[in-house]
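Below: one structure, written as structure tokens.
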Amino acid sequence: MKLDNGKEAVYPEGTTCMDLFKEKTAENKELLAVLIDGKECDLNLPLPANSTVAFVGFDTPQGAEVYRHTASHILAHAVKRLYPDVKLGIGPAIENGFYYDFEFEEPISSDDLSEIEKEMKKIIKERQPIRRREMSRESALQLFEERAEPYKLELIRDLPADTVISCYEQDDFIDLCAGPHLPNTRMVKAFKLTGLAGAYWRGDERNPMLQRIYGTAFPSKERLEQYLNMLEEAKKRDHRKLGRELELFSLHEEGPGFPFFHNNGAVIWQELTDYWRVEHRRADYEEIKTPLILNRSLWEQSGHWDHYRDNMYFSKIDEQDFAIKPMNCPGAMLVYRSKMHSYRDLPRRIAEMGIVHRHELSGTLHGLMRVRSFTQDDAHIFMLPGQVESEVAAIIDLMDRIYRVFGFQYRVELSTRPGKAMGTAEMWDKATNLLESVLEDKEIDYRLNEGDGAFYGPKIDFHLEDCLGRSWQCGTIQLDFQMPEKFDLTYIGEDGGKHRPVVIHRVIYGSMERLIALLIEHYGGAFPVWLAPTQVTVIPVTDRSHEYARQVYDHLKGEGLRVTIDQRNEKVGYKIREAQVKKVPYMLIVGDREVESGQVAVRHRDQGDLGAEDLSNLIGRVKKEVDEKII
RNA sequence: GCCGACGUAGCUCAAUGGUAGAGCAAUUGAUUUGUAAUCAAUAGGUUGGGGGUUCAAGUCCUCUCGUCGGCUCCA
């Protein structure tokens, strides 16, 4: 037996992991789970010969998973005690917690969670030993037949033939479970039920909806508190809250999912699009504008009528059907097709800040993150088949360059052929392999997302996280062999004949709305100077300095900075507080001393009082921050 | 769309089925202020909307709209 500290040890045959675990926990009480050759393993199993053994605590992914998975069993156990007729779904550990799905006879409400918590505490106190039982498929089926658990029966029937079927048992509670678990319930030290929500059985909306109870568990009350506090802090960065407080945008009943940008939000929008244009011109993109409303025939040709109709809005003009565009691609196709192309013209990169409307389900709307009308920083690249790899690579580079400016961390996913897709399996395989090879070449870590591609092709998605760690898709690169066929796009090749170009759809920001939401949360409302709606505010101390303050203000405005002046009859502290709350980067306090010296007293929102300096110095510093987009 | 919760002044929140209230913001006045809230006064509401129960509804029932947390979906 090799131990994780590199030492080797010999144990008699038949020694269980538990024996060794007891020996180890005597030294370190925080250990939770055993890894045999790197894999989690049940403690009651005998130690396999010649393996490497490691014991891990809560601060490893495996340890936390075992810990929280056990908490989810305690939850199910408590629910079973309180509601004997409840049917069990599944109950895994997830990032930061766990959940369990139940079908109740009568739906419970969030008020019932405290009762369930109480029962869970009881079970923990009872120090119920947790035992693993392996059984044949037949006896497992019989067991859950007797216990009237239809969902468990369905799970057992769907398990592959060679799976070892195991159950975990504590007191009279038994659950189908691969394990492993903690040895007893007392080891769960601190937990809290955090939410109640509906969830379709097996995530399929055709299946019945179960009630999902969310919770989290930590090895100590302090760490639980710490986590809950962190969540509270994160909520202060919520873009919906900051959006209102900083007067960036508003949402109204009159337009659900159709956000209103106020001046402050619009300023950020402008800066973002200005920067975007600079980068895209540099990367040899053209920019177009296409109509919002287009004839039904176009959508039939593009395939949207068949594949995307449920999400589209319609209108009738002169007795003819029109649709409000849900995507920009058909417009770009028409632009491409409006002239002849030589192979020498390709690749042709056509960008468009395109406004699209999609009828998203009402329950999915979420501030600016998920709306029904949004502006995509779209581009369609028309290219020779041989140019695909270099174009995809160039987009990834541009994406990384731009995300870096904001200081974003992102995750990459590769999405493959969905259920309702256009085109042949061969085309899909070819396209998917191509994207994969670019990712491999660039040595980018990515997650495979089976069946999540667009209906016209596979895609590489770039995900960013919001203040609560929820992930949102922003950038995407979608390969498309379909649109060129549908629109009969051609170019004249070297041979003088007509050939089919390949199309890539791509966005980098994703949508302006979602990007702005993420930026608000990313910066907690304290935007870098180049994006800040107000960059500098001038604060006169008394009305004796109003005239000088006005000169300073005019000067800054003349330099093209976004500046305000606070001439209200209030004390300096009050004005400073307000500017701080509004997260204005620079406050210039001018009183008798500054009038005298011809300087300004600079206060930075993070660094505080920086003392007096010449206005020209301050202007130089602010402009440098703007130009270099310093975060 | 589905499940659960919520909706009171611009914002944050009070109000056993019995006269809708506070703080901040706003307005007016006083105060001339030096690095995160000066004092006082005033105004502000068909309690999201419709219907019902009741002598009486912010509160109970019902429909509806919106919001929040999830599921599904997605930029």
Side-chain angles (χ1 to χ4, degrees), chain A residues 99 101 104 107-113 194-214 235 238 240-241 244-245 247 250-257 310-311 326-327 354 356 358-371 374-378 415 418 452 454 459 461-464 468 470 472-476 478 505-515 517-518 539-546 569-581 587-594 601-605 608-612:
Chain A
Y99 68 77
D101 287 346
F104 290 91
I108 62 161
S109 87
S110 31
D111 300 338
D112 300 317
L113 293 183
T194 51
L196 177 67
Y200 299 108
W201 169 239
R202 298 188 134 184
D204 189 326
E205 61 185 333
R206 288 164 302 192
N207 285 339
M209 180 162 271
L210 309 181
Q211 283 194 290
R212 174 171 299 176
I213 299 176
Y214 283 93
K235 277 186 194 152
D238 191 311
R240 292 165 297 191
K241 180 176 151 68
R244 191 173 46 239
E245 290 171 358
E247 296 179 69
S250 60
L251 293 160
H252 303 272
E253 278 199 31
E254 290 83 349
D310 292 349
N311 283 297
M327 296 187 194
V356 297
R358 299 182 184 173
H359 183 246
E360 303 294 352
L361 296 177
S362 59
T364 64
L365 301 179
H366 183 95
L368 290 184
M369 295 283 190
R370 191 78 194 281
V371 292
F374 53 102
T375 300
Q376 291 184 304
D377 66 315
D378 220 338
S415 297
D452 216 31
K459 54 179 188 164
D461 293 327
F462 294 74
H463 290 251
L464 303 174
L468 290 174
R470 290 176 292 210
W472 297 91
Q473 186 187 315
C474 286
T476 176
Q478 310 184 345
H505 311 241
R506 52 108 276 192
V507 290
I508 290 180
Y509 287 166
S511 81
M512 294 300 296
E513 288 76 1
R514 185 172 286 180
L515 174 74
L518 286 161
I539 299 177
V541 178
T542 70
D543 47 18
R544 285 193 302 281
S545 43
H546 275 195
N569 180 6
E570 293 289 353
K571 292 170 88 167
V572 180
Y574 181 89
K575 296 181 186 180
I576 286 175
R577 178 182 154 77
E578 189 155 299
Q580 284 286 156
V581 168
M587 289 154 259
L588 305 186
I589 290 88
V590 294
D592 295 338
R593 293 204 293 268
E594 287 70 29
V602 180
R603 181 189 166 95
H604 186 269
R605 68 176 168 209
D609 193 348
L610 299 179

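Excluded from the calculations below are hydrogen atoms, water molecules and symmetry mates; all remaining heavy atoms, backbone and side chain alike, are included. The sequence lines fix the lettering, A, B, ..., with proteins before strands; numbering per chain opens at 1.
Rounded to whole angstrom, the span from the CG atom of A:D204 across to the C1' atom of B:G1 amounts to 14 Å. Computed from coordinates, the A:H252 NE2 to B:G48 P distance equals 18 Å when rounded to whole Å.
Stacking annotation: A:F374 is stacked on the base of B:A75 (ring centroids less than 5.5 angstrom apart, interplanar angle below 30 degrees).
Among the protein residues, A:K459 comes within range of the sugar-phosphate backbone only, with heavy atoms under 4.0 Å from sugar or phosphate atoms but none that close to a base. Residue contacts for A:V572: at a heavy-atom cut-off of 4.0 Å it reaches the sugar-phosphate backbone alone, with no base atom in range. Among the atoms of the strands shown, base atoms are found under 4.0 Å from some heavy atom of A:R593. The residue A:R212 sits close only to the backbone: its heavy atoms come under 4.0 Å of sugar-phosphate atoms, none of a base. Across all strands, A:Q473 comes closer than 4.0 Å only to sugar-phosphate atoms, never to a base (heavy-atom distances). Within the 4.0 angstrom heavy-atom criterion, base atoms lie near A:V371. Among the heavy atoms of the strands lying under 4.0 Å from A:L365 are primed sugar atoms or P, OP1, OP2 only; no base atom is included. Here A:Y214 lies in heavy-atom contact (under 4.0 Å) with sugar-phosphate atoms only. Using a 4.0 Å heavy-atom cutoff across all strands shown, A:R470 reaches sugar-phosphate atoms only and no base atom.
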(request) Summarise protein proximity over nucleotides 3-11 of chain B in one line of letters, 5' to 3': B for base, S for sugar-phosphate only, - for none, counting protein heavy atoms closer than 4.0 Å. (result) BSS-----S
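With a cut-off of 3.5 Å on both pairing distances, the Watson-Crick and G-U wobble pairs of RNA chain B assemble into stems of 3 or more at B:1-7 with B:65-71, B:10-13 with B:21-24, B:26-30 with B:38-42, B:48-52 with B:60-64.
A salt bridge links A:D204 with A:R206: the closest approach of a Lys/Arg side-chain nitrogen to an acidic carboxylate oxygen falls below 4.0 angstrom.
With B:G70, B:U72, B:U35 as the choices, the nucleotide that has an atom nearest any side-chain atom of A:I589 turns out to be B:U35.
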